[in-house]
Amino acid sequence: MIMARVAVVTGGTRGIGEAIARGLQAEGVTVVANYAGDVERARAFTEETGMHAFRWDVGDHEACFHNCVDIAACYGPIDILVNNAGITRDGTLHNMSFDDWNEVMRINLGGCFNMAKACFPGMRERGWGRIINIGSINGQAGQYGQVNYAAAKSGIHGFTKALAQEGAKFGVTVNAIAPGYVDTDMVAAVPAPVLEKIVARIPVGRLGHAAEIARGAVFLASDEAAFITGSTMSINGGQHMY
Ligand code: NDP
């Protein structure tokens, strides 16, 4: 159990983030979810789970700071940060615009920096904290048509290892999860023939489920995971082993 803690899960109203929010809530954590703009999904999430959802762009440095201050004022200091929000803007380098590159870096990697800046100092002062960054198999192995996404996710893995070194002596662990292909809206956007080829390369023979990623995150957020920091948990059905 992880009772009496407060968590923020970015991109927590659907997909992997929603599963993580629900998983933490089941352990007794007070969870606040963040989202970007899908108000209907956020409303349904709050109605179903009772968890509150705050709308802001994690790529906006000031918005991250102000919303974290508001959340702490309403619910108490943020003990657990799950940097899950992410987007894709796929295309070969040949076709990728600077905007496609920049948006993915700004949200996927910049979001981790912005949220850590807002939450890490308090965790450090209180001597306990958990930061869990959602990377990707494609940040580990690369992926055709994703130089922006692979670079941002690979950056998340480096960010995790560097911040883990800063947090270790203050009781703040920083870890990453690198999911393989998971059956969320993001993967539903992949054309069916491409997806078939991807599934054929997954040794367990199927896509992952969001709840399977959430179990890893809930464990990393627990007291029992205090000796794990700077690590990457790969949850990918055996698709990439190293
Ligand atoms: P989804 O596209 O299903 O959900 C994304 C969530 O992030 C939504 O809640 C969305 O809000 C939110 N979001 C997007 N942009 C922003 C932003 N700028 N500010 C705040 N919130 C934002 O994604 P998944 O659940 O599939 O993926 C979650 C994470 O896991 C991502 O980081 C992704 O890269 C990573 N991942 C996913 C894999 C997969 O196979 N699905 C594999 C490997 C990694 P809204 O609903 O308002 O749009």
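We count ligands from 1, going down the list as the structure has it; atoms in each ligand are counted the same way. This structure is a prediction, so every number in the text was calculated from the model and none was measured. In what follows, residues are counted from 1 in the order of the sequence shown.
- Residues satisfying the salt bridge (charged side-chain N to carboxylate O under 4.0 Å, His left out) test with R43, not counting sequence neighbours, are E40.
- Legend: residues meeting salt bridge (charged side-chain N to carboxylate O under 4.0 Å, His left out) with E47, ordered by chain and number and at least two apart, are absent.
- Heavy-atom minimum distance, D100 versus M96: CB-CG, 3.5 Å.
- Within 4.0 Å of ligand 1, protein heavy atoms come from G11, T13, R14, G15, I16, N34, Y35, A36, G37, D38, W56, D57, V58, N84, A85, G86, I87, I107, I134, G135, S136, Y149, K153, P179, G180, Y181, V182, T184, D185, M186, V187.
- Scored by the side-chain hydrogen bond (donor to acceptor under 3.5 Å, both in side chains) test, T46 finds no partners at all (sequence neighbours excluded).
- Under 4.0 Å is where a charged nitrogen must lie from a carboxylate oxygen, and between R106 and D57 at least one such pair does.
- Note on R130 versus E27: no salt bridge recorded, every NZ/NE/NH1/NH2 to OD/OE distance being 4.0 Å or above.
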